[in-house]
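Have a look at the structure below, then the notes.
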Amino acid sequence: MLDAKFVRDNIQVVEEALCRRRSKVALDGFVALDRKRRDLVVKAEELRAERNAASEEIGRLRREKKDASSLMEKMKEVGARIKEMEAGLPELEGRMEEAMLSIPNIPDPSVPEGAGEEDNPTVRTWGTPPPFSFPVRDHVDIGADLGILDFERAAKIAGARFCLSMGAGALLERALINFMLDVHTREHGYLEVLPPFMANSASFFGTGQLPKFEEDLFKVAGTDYYLVPTAEVPVTNIVRDEILPGERLPLKMTAYTPCFRAEAGSYGKDVRGMIRQHQFNKVELVKVCRPEESGAELESLTADAEDILKKLGLPYRVVTLCTGDMGFSSAKTYDIEVWVPSQNRYREISSCSNFTDFQARRAKIRFRDSATGKTRLAHTLNGSGLAAGRTVVAVLENFQQADGSVVVPEVLRPYMGGMERITRR
RNA sequence: GGAGGGGUACCGAAGUGGCCGUAACGGGGUCGACUCGAAAUCGACUUGGCGGUGCGAGCCGCCACGUGGGUUCGAAUCCCACCCCCUCCGCCA
């Protein structure tokens, strides 16, 4: 959510930002609506001030055993007028709120303008796609052949877009998760947290998934809970409604969670394999920092995620999402894309975003600036570090051998009981 | 699921219709005094949001006692609904 005051005073800046984002949100009438609301608020406040003064007077008179009935009579009327004033407020405030909640974040000036995915410039590339002297197979075939992935039985248990890993497949994914958490906590200085895998609607409002994107979520029937689509939700909300001591920033947290996504509107997209699932495992990185530092913190967060791919030896590139491709709450996003041999292209494996104060304003995440003693909104960031399911895909496909086996990356071997190669059982 | 207790500031806690919300009392914190320095002691200051006004330090007002409604001239206090926490019982990994 943007600052209503900022929107009011900088309506053209916001309109221009919406235009750059290719967003269709209309700000028509916003200023007039806000004007109307503030007029009402001021009038109601004046009346309340009058009533407060009179009530005090009534109290004084009664203590002195004097008559206050005429004043009380008068205030009865004032009370009615206050009610009248306030009656119109909820509707106006509701419309304001709705307008504010539907405005996306303003893109950082460094974000390139563009319409969609095809306009995302590549920032850097690491490694080279491996050459294969034999026909490349995709992870579904590799996994089935090795007996470690079973999509048919997953469909029996749950349905389409679910995966069942077994044996070395299950071990590989668990090893990846442990490896990622260890690197981030031991080498990158993140605090490991293990949060709830469901969260209440207030948390989802805080990070911006609600109210706009409810159809992407799984709601637990009969409750106020939703399954988390990313650890961003429970982890960022750890500090919701808090004023943090300035010297404790930046907060750096990493969390493993399964992620649940309804994937509404993605019918026919990535239907094969474990690229796009209703449930997948992910290790997330979350930061809460001072506004001055969020730009640099995004760079280091992205580098922390990249480090995992480097250590695994998986080729990747980093792209900047252009204005038309960015998420609703983000001011700047880097996508890290890993090489997927069977598709002969790079696929997203991590998305690292700086939300500036957009989530912090919604979630009321503030800190006390020790220099001024004043409270300020913090900046929040997060990124996948990494999506474990897609990392399994990348490992299986990039390290596949002519004989159908898969070589285990060196750094994972200690996590897999020394296993050097996944072979058919 | 049943029974009971509770949610007030940074923490503990008092307050049960006006004299109580920058909110008693205790603790903590910050600054100052004393001291060679410290401890102890003494003093001052320590919630957040919204709106108006001003170039500004500021000044003025409104709101907030878990949340949302209601009663009343006036609600932390009375009424209704909901949320959360704690204790005991039941069930349970």
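Excluded from the calculations below are hydrogen atoms, water molecules and symmetry mates; all remaining heavy atoms, backbone and side chain alike, are included. Lettering of chains follows the sequences in order, A, B, ..., and the numbering in each one begins at 1. Since we're looking at a predicted model, the values are computed, not measured.
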Return yes if a side-chain donor-acceptor contact under 3.5 Å exists between [X] and [Y], otherwise no.
X	Y	value
A:Asn200	A:Tyr226	no
A:Asn178	A:Tyr256	no
A:Asn105	A:Thr356	yes

Establish, yes or no, whether a centroid distance under 6.0 Å links the rings of A:Phe260 and A:Phe197. no
May I ask you to check whether A:His278 and A:Phe218 place their ring centres under 6.0 Å from each other?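 Judged by ring-centre distance (under 6.0 Å), A:Phe218 and A:His278 do meet the cut-off.
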For nucleotides [N] and [M], find the distance between their [atom1] atoms and express it as a whole number of Å.
N	M	atom1	answer
B:C10	B:C84	P	24 Å
B:A9	B:A24	P	13 Å
B:A75	B:C19	P	11 Å
B:U41	B:U16	P	32 Å
B:C92	B:C82	C1'	27 Å
B:A57	B:C42	P	37 Å
B:A76	B:A64	C1'	11 Å
B:U22	B:C62	C1'	15 Å

Taking NZ in A:Lys36 as the centre, count heavy atoms belonging to other residues, nucleotides or ligands within less than 6.0 Å. Is the count above 12?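 No, not enclosed.
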Who pairs with [N] - Watson-Crick or G-U, where each distance is under 3.5 Å:
N	value
B:A81	B:U67
B:G58	B:U53
B:A3	B:U87
B:A44	B:U30
B:U16	none
B:A76	none

How is [X] classified with respect to the nucleic acid when contacts are heavy atoms under 4.0 Å: base, sugar-phosphate, or nothing?
X	value
A:Ala49	sugar-phosphate
A:Asp224	nothing
A:Ile58	base
A:Arg8	sugar-phosphate

With rounding to the nearest 0.5 angstrom, report the CG to NZ distance, A:Asn354 to A:Lys287. 10.0 Å
Report yes if at least one side-chain N or O of [X] is closer than 4.0 Å to OP1 or OP2 of [N]; otherwise report no.
X	N	answer
A:Asn52	B:G18	no
A:Arg366	B:G49	yes
A:Arg48	B:G61	no
A:Thr375	B:U47	no
A:Lys83	B:U71	yes

I need the minimum non-hydrogen distance between A:Pro107 and A:Met326, along with the two atoms involved. CB-CE, 3.9 Å
Let me spell it out: for each of A:Gly59 and A:Val41, pick the nucleotide of RNA chain B with the closest heavy atom. Which residue's pick is nearer the 5' end?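 That would be A:Gly59.
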By nearest nucleotide on RNA chain B, pick out whichever of A:Gly79 and A:Lys374 is the more 5' one.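 The 5'-side residue here is A:Lys374.
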Rounded distance in Å - [atom1] ([X]) to [atom2] ([N]):
X	N	atom1	atom2	result
A:Met75	B:A75	CE	C1'	18 Å
A:Ile82	B:G61	CD1	P	16 Å
A:Glu242	B:G48	CD	P	15 Å
A:Asp241	B:C10	CG	C1'	16 Å
A:Arg368	B:U46	CZ	P	12 Å
A:Glu50	B:G74	CD	C1'	14 Å
A:Lys364	B:G48	NZ	P	15 Å
A:Lys5	B:G52	NZ	P	8 Å

[X] side chain, from C-beta outward: closest of [options]:
X	options	answer
A:Ser55	B:G52, B:C73, B:G48	B:C73
A:Arg51	B:G51, B:G74, B:C84	B:G74
A:Ile243	B:C73, B:G48, B:G52	B:G48

Regarding B:G18, can its base be found pairing with the side chain of A:Glu56 as donor and acceptor, where the two atoms are less than 3.5 Å apart?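 Result: no qualifying N/O pair found.
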